[in-house]
S.K.: 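Got a structure for you, questions after.
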Amino acid sequence: MSQSFYALIEESFPADRDRLAIEVADRGAGRSQWTFSELSADVARAASLLADLGLEKGDRVALQAEKSPEALILYLACLRGGYVFLPMNTAYRTDEVDYLVGNAEPSLIVCDPAREGEMRAIAERHGTAFVLTLDAQGQGSFTEEAAAVRPSRPVAPCASTDLAAILYTSGTTGKPKGAMLSHGNLASNGLALREAWSFSAEDTLLHALPIFHAHGLFVACHCALLSGARMIWLGKFDRAEVMRQLPRATVFMGVPTFYVRLLDGEDFNAPLVAHMRLFTSGSAPLLTETFDEFRARTGMAILERYGMTETGMNTSNPYDGERRAGTVGFPLPGVEVRVMSDEGQELARDEVGGLQVRGPNVFGGYWRMPEKTAEEFADGGWFKTGDVAKIDADGYVHLVGRAKDLIISGGYNVYPKEIETLIDEMPEVDESAIVGVAHRDFGEAGVAVVVLRKGKLLDEPTLIARLKDKIANYKVPKRAYFVETLPRNTMGKVQKNLLREIYRDACR
Ligand code: MLC
Ligand code: AMP
């Protein structure tokens, strides 16, 4: 029997398919509403377009475009046709896209019309046969060509292990790695969340997250699609627009920065959200002070959950039951977690160690990187998350740190190694270190500490401008400091803890 995740999604649509599936709240022009039956028809057409282009099962389809329902339709068309979806952050610059395309070798790239020339050059370099366009209003050659197709193909049969998506996550040591997610991974996690968070067709999800990462694409969309709920879409998080739309919603999902920004104004208050059923937070630690202030202001407790690109969601605070600040709750149904010592022994309650997870949600490995995959798994199929945690006496999981050198800024991951490499390549620079410090808006942000070569000059604006040219803007350090030497331990390793301490107030 086929285990296509798309078939499961369509089976979950409401009996009355004339109900609204998606409404775009902030679209200047173009179409702004889709019923479930229209969504289904558009997905079928888009899947037929991909098949007509000659794409075969397992072929990759890359997307770098602004958020739009048409972009979601492309994702769903990939699921429907058995193609593998590869979303790219819209902030990625040429070099970043070039690497991903070179690694994943997609057959088709769908991109913003403004970047078509650049994409065609990248496509040519890596043997990608087709480039189509899609803009923020949903216009472009992808939409035009799909509209002209007569959908004729059934949902492609898929095994649960068949690949559905590749999401790239950067490595602590090197280049981004493509996490291979199967139809079974996505289905199991979507169903677990629908259950855990009591989603139903009566819900309206206010969707303000980007859709090129697991949170906005999988967590948010799958919960809604698998329960026949309605989604109100915003192209991006905009406080005023979220405030306008909240009265029409029942559920809201965000990274902690969304909540910090919502709370930054007295108009976010109990009457505004009295009708809301659920607020969830994830992708980065929710500060206890944010949780507390939200509760004081609204009488509601934000539900914090924990996940990763490689695993989808692992744990969640309870829907019914006590949501504890500073914890990420309990393992989701079907997911196992354990805390391990450096020596590979499972630790007891309240002991701090490396967090490992196992379950149908855990990815199959990194695309074309069997060695990296092997490094990240322990015997028995346990995935090493790189997060440092403890499980308390009541079973709540607490994330207390990270073994990986990673900064999470406004919910986006920034790998210091990638930025240090770019800074070190500058002719004036001897060496550098990037550390994460507290940031009032983004939770955490990168600061560069740089040692210049003898007799060379470089200033902060120049360094930052050069980085902005090369990498996505959210990765660029917010400040740069120039020093004589970097502090090192006896093993010669840079003492980032010390630097974090020295620059702790740099972004407050
Ligand atoms: C924007 N900027 C950031 C930033 N976002 N800097 C650091 N960290 C960020 N996250 C900077 C830009 O570089 C720019 O700087 C300036 O802020 C304004 O840019 P903007 O694009 O106008 O910002 P804004 O729209 O306000 O975006 C902020 C944000 C956005 C919080 C709305 O970052 C966001 O939507 N984050 C959500 C991330 C997310 O969905 N993560 C899920 C990952 S999945 P300058 O200097 O160029 O002007 C995952 C798994 C899981 O982690 O568990 O969920
Ligand atoms: P990503 O690779 O973008 O999927 O990021 C995954 C990482 O985000 C995890 O390994 C955690 O370090 C972090 N993360 C996700 N959710 C939370 C949370 N609720 N609290 C703290 N960290 C989180």
Side-chain angles (χ1 to χ4, degrees), residues 66-67 87 89-91 167-172 176-177 179 181 189 193 207-220 234-239 241-242 253-262 280-288 290-291 302-317 325-329 354-357 361 363 376 383-389 397-415 436 439-446 461 464-465 467-469 471-479 507:
E66 295 300 330
K67 181 178 177 181
N89 193 317
T90 46
L167 264 61
Y168 277 78
T169 114
S170 288
T172 46
K177 304 169 286 191
L181 295 155
N189 213 232
L193 292 175
H207 191 307
L209 289 155
I211 56 163
F212 37 68
H213 287 306
H215 196 164
L217 184 63
F218 298 154
V219 180
L234 302 181
K236 58 179 285 199
F237 178 88
D238 172 78
R239 186 181 187 278
E241 197 55 44
V242 170
M253 296 182 182
V255 297
T257 299
F258 289 12
Y259 293 108
V260 170
R261 291 186 181 184
L262 284 174
T280 70
S281 176
S283 309
L286 180 70
L287 294 181
T288 300
T290 310
F291 179 94
I302 298 173
L303 181 154
E304 186 171 7
R305 76 350 171 239
Y306 156 65
M308 288 184 80
T309 301
E310 288 93 332
T311 63
M313 299 303 103
N314 296 311
T315 71
S316 169
N317 266 282
T327 83
V328 289
L355 188 68
Q356 299 187 354
V357 300
N361 55 315
F363 77 136
E376 306 295 336
F383 176 63
K384 304 177 196 167
T385 63
D387 291 306
V388 177
V397 176
H398 300 235
L399 297 179
V400 298
R402 293 177 206 129
K404 46 196 175 190
D405 191 11
L406 159 69
I407 298 166
I408 305 183
S409 189
Y412 288 139
N413 291 3
V414 179
Y415 286 86
H439 188 284
R440 61 193 123 45
D441 184 27
F442 298 124
E444 202 180 7
I464 286 181
L467 289 175
K468 279 192 175 168
D469 236 25
I471 45 173
N473 56 9
Y474 67 87
K475 297 182 186 174
V476 176
K478 301 290 175 208
R479 296 299 313 268
C507 296

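We count ligands from 1, going down the list as the structure has it; atoms in each ligand are counted the same way. Computed from a predicted structure; not experimentally measured.
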S.K.: Would you say Thr257 and ligand 1 have an N/O pair spaced under 3.5 Å apart?
M.R.: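 Thr257 vs ligand 1: no N/O contact under 3.5 Å.
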
S.K.: For atom 21 (O) of ligand 1, which protein heavy atom lies nearest, and how many Å away is it?
M.R.: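 Protein heavy atom at minimum distance: Lys236 NZ, 4.5 Å.
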
S.K.: Counting only heavy atoms, tell me which of Phe442, Tyr412, Tyr306 gets closest to atom 2 (N) of ligand 1.
M.R.: Phe442

S.K.: Is there side-chain contact between Phe218 and Asn189, with at least one heavy-atom pair below 4.5 Å?
M.R.: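 When only atoms from C-beta onward are counted, Asn189 and Phe218 do not touch, as no gap falls below 4.5 Å.
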
S.K.: Determine whether Asn413 and Ser170 make a side-chain contact, defined as any pair of heavy atoms from C-beta on separated by less than 4.5 Å.
M.R.: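 No, side chains not in contact.
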
S.K.: Looking only at protein heavy atoms, identify the closest one to atom 22 (N) of ligand 2 and say how far it is in Å.
M.R.: Leu399 CD1, 3.6 Å

S.K.: Is Lys404 salt-bridged to Glu310, going by a charged N under 4.0 Å from an acidic O?
M.R.: no

S.K.: Hey, does Lys404 come in under 3.5 Å of ligand 2, counting only N/O atoms on both sides?
M.R.: yes

S.K.: Counting each atom of ligand 1 from 1 as listed, which ones have a heavy atom of His213 under 4.0 Å away?
M.R.: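 The atoms of ligand 1 under 4.0 Å from a heavy atom of His213 are 43 (C), 44 (S).
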
S.K.: Would you say atom 8 (N) of ligand 1 has a protein heavy atom nearer than 4.0 Å?
M.R.: yes

S.K.: Enumerate the atoms of ligand 2 whose separation from the nearest heavy atom of Arg402 is less than 4.0 angstrom.
M.R.: 12 (O)

S.K.: So between Met308, Lys475, Arg261, Lys67, whose heavy atom ends up nearest atom 27 (O) of ligand 1?
M.R.: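 Heavy atom nearest to atom 27 (O) of ligand 1 belongs to Arg261.
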
S.K.: Looking at atom 53 (O) of ligand 1, what's its closest protein heavy atom, distance included?
M.R.: Arg305 NH1, 2.9 Å

S.K.: Heavy-atom contacts with His215 under 4.0 Å: which atoms of ligand 1 show up? List them by number with element.
M.R.: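 Listed by number with element: 42 (C), 44 (S), 54 (O).
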
S.K.: Rounded to the nearest 0.5 Å, how far apart are OG of Ser283 and NE2 of His215?
M.R.: 5.0 Å

S.K.: How far is atom 35 (O) of ligand 1 from its nearest protein heavy atom, and which residue and atom is that?
M.R.: Pro210 CD, 3.6 Å

S.K.: In terms of residue, atom name and distance, what is the protein heavy atom nearest to atom 14 (C) of ligand 1?
M.R.: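 Minimum-distance protein heavy atom for atom 14 (C) of ligand 1 reads Asn473 ND2, 4.1 Å.
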
S.K.: Taking both backbone and side-chain atoms of Glu310, is any N or O found less than 3.5 Å from an N or O belonging to ligand 2?
M.R.: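 No: no nitrogen or oxygen of Glu310 is under 3.5 Å from one in ligand 2.
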
S.K.: If I take atom OH from residue Tyr259 and atom CG from residue Leu286, how far apart are they, to the nearest 0.5 angstrom?
M.R.: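 Result: 8.5 Å between the selected atoms.
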
S.K.: What is the distance from atom OG1 of Thr257 to atom CG of Leu262, rounded to the nearest 0.5 Å?
M.R.: 11.0 Å

S.K.: Once you round to the nearest 0.5 Å, how far does CZ of Phe258 lie from CE of Met253?
M.R.: 12.0 Å

S.K.: Nearest protein heavy-atom contact for atom 17 (C) of ligand 2: which residue, which atom, what distance?
M.R.: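 I find the closest protein heavy atom is Ala284 N, 3.7 Å.
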
S.K.: Give the contacting part of His215 toward ligand 2: side chain, backbone, both or neither, where contact means a heavy-atom distance below 4.0 Å.
M.R.: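 Near ligand 2, His215 shows nothing, with every heavy atom at 4.0 Å or more.
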
S.K.: Measure from the side-chain N and O atoms of Arg261 to the backbone N and O of Arg239, and report whether any donor-acceptor pair falls under 3.5 Å.
M.R.: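 Pair absent, no side-chain N/O of Arg261 close to backbone of Arg239.
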
S.K.: Is there a donor-acceptor contact under 3.5 Å from the side chain of Thr315 to the main chain of Val328?
M.R.: yes

S.K.: By number and element, which atoms of ligand 2 are closer than 4.0 Å to a non-hydrogen atom of Thr309?
M.R.: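 Near Thr309, the atoms of ligand 2 are 1 (P), 2 (O), 3 (O), 4 (O).
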
S.K.: For atom 47 (O) of ligand 1, which of the options Glu444, Lys468, Lys478 provides the nearest non-hydrogen atom?
M.R.: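 Residue with the shortest heavy-atom distance to the ligand atom: Lys468.
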
S.K.: What about Ser409: any of its N or O atoms under 3.5 Å from an N or O on ligand 1?
M.R.: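 Looking only at distances, the answer is yes, because the N/O contact criterion of under 3.5 Å is met.
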
S.K.: Does Lys236 use its side chain to pair, donor to acceptor, with the backbone of Glu66 at less than 3.5 Å?
M.R.: no

S.K.: In the structure I gave you, are the side-chain heavy atoms of Arg305 and Leu193 within less than 4.5 Å of one another anywhere?
M.R.: no

S.K.: Gly307 near ligand 2, heavy-atom distance under 4.0 Å?
M.R.: yes

S.K.: Ignoring hydrogens and geometry, is there a side-chain-to-backbone donor-acceptor pair from Ser409 to Phe442 under 3.5 Å?
M.R.: no

S.K.: To which protein heavy atom is atom 16 (N) of ligand 2 closest, and what is the distance rounded to 0.1 Å?
M.R.: Ser283 N, 3.2 Å

S.K.: Looking at Phe383 versus Phe363, is the centre-to-centre ring distance below 6.0 Å?
M.R.: yes

S.K.: Going by distance only, is there an N or O of Arg305 that falls short of 3.5 Å from an N or O of ligand 2?
M.R.: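 Yes, at least one N or O pair falls under 3.5 Å.
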
S.K.: Taking only heavy atoms of Leu209 into account, list the atoms of ligand 1 that are under 4.0 Å away from them.
M.R.: 40 (O)

S.K.: Relative to atom 52 (O) of ligand 1, which among Pro256, Ser283, Gly307, Ala214 owns the nearest non-hydrogen atom?
M.R.: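 Looking at heavy atoms only, Ser283 sits closest to atom 52 (O) of ligand 1.
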
S.K.: Is there side-chain contact between Leu399 and Pro285, with heavy atoms separated by less than 4.5 Å?
M.R.: no

S.K.: For Ala91, does its backbone N or O pair with a side-chain atom of Asn473 as donor and acceptor, under 3.5 Å?
M.R.: no

S.K.: Phe258 heavy atoms, cut-off 4.0 Å: which ligand 1 atoms fall inside?
M.R.: 32 (C), 35 (O)

S.K.: Looking at ligand 2, is there an atom of it that comes within less than 4.0 Å of some heavy atom belonging to His213?
M.R.: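 His213: no contact with ligand 2 (<4.0 Å).
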
S.K.: Within a distance under 4.0 Å of any heavy atom of Met308, pick out the atoms of ligand 2 and give their elements.
M.R.: 4 (O), 6 (C), 9 (C), 10 (O)

S.K.: Hey, are the side chains of Lys384 and Gln356 touching, using non-hydrogen atoms and a 4.5 Å cut-off?
M.R.: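 With C-beta onward as the side chain, the pair touches.
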
S.K.: In the structure I gave you, are the side-chain heavy atoms of Tyr412 and Val255 within less than 4.5 Å of one another anywhere?
M.R.: no

S.K.: Among protein heavy atoms, which sits nearest to atom 1 (P) of ligand 2, and what does the distance come to when rounded to 0.1 Å?
M.R.: Asn413 ND2, 3.1 Å

S.K.: Decide yes or no for Met313 and Asn361: does some side-chain heavy atom of the first lie under 4.5 Å from some side-chain heavy atom of the second?
M.R.: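 SC-SC contact between Met313 and Asn361 ruled out.
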
S.K.: Looking only at distance, does Tyr306 have an N or O less than 3.5 Å from an N or O of ligand 2?
M.R.: no

S.K.: Near Glu304, which atoms of ligand 2 are under 4.0 Å from a heavy atom of that residue?
M.R.: 18 (C), 19 (N), 20 (N)

S.K.: Just to confirm my output: which protein heavy-atom neighbour is closest to atom 13 (C) of ligand 2, and how far is it?
M.R.: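 Nearest neighbour among protein heavy atoms for atom 13 (C) of ligand 2, to 0.1 Å: Ile408 CD1, 3.3 Å.
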
S.K.: Checking contacts here: is it the side chain or the backbone of Asp387 that comes within 4.0 Å of ligand 2, counting heavy atoms only? Could be both or neither.
M.R.: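 Within the 4.0 Å criterion, Asp387 contacts ligand 2 through side-chain atoms alone.
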
S.K.: With respect to atom 37 (C) of ligand 1, which of Gly410, Ala91, Gly411 exhibits the smallest heavy-atom separation?
M.R.: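 Among Gly410, Ala91, Gly411, the closest heavy atom to atom 37 (C) of ligand 1 comes from Gly410.
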
S.K.: Give the numbers and elements of all ligand 1 atoms closer than 4.0 Å to a heavy atom of Met313.
M.R.: 51 (C), 53 (O)

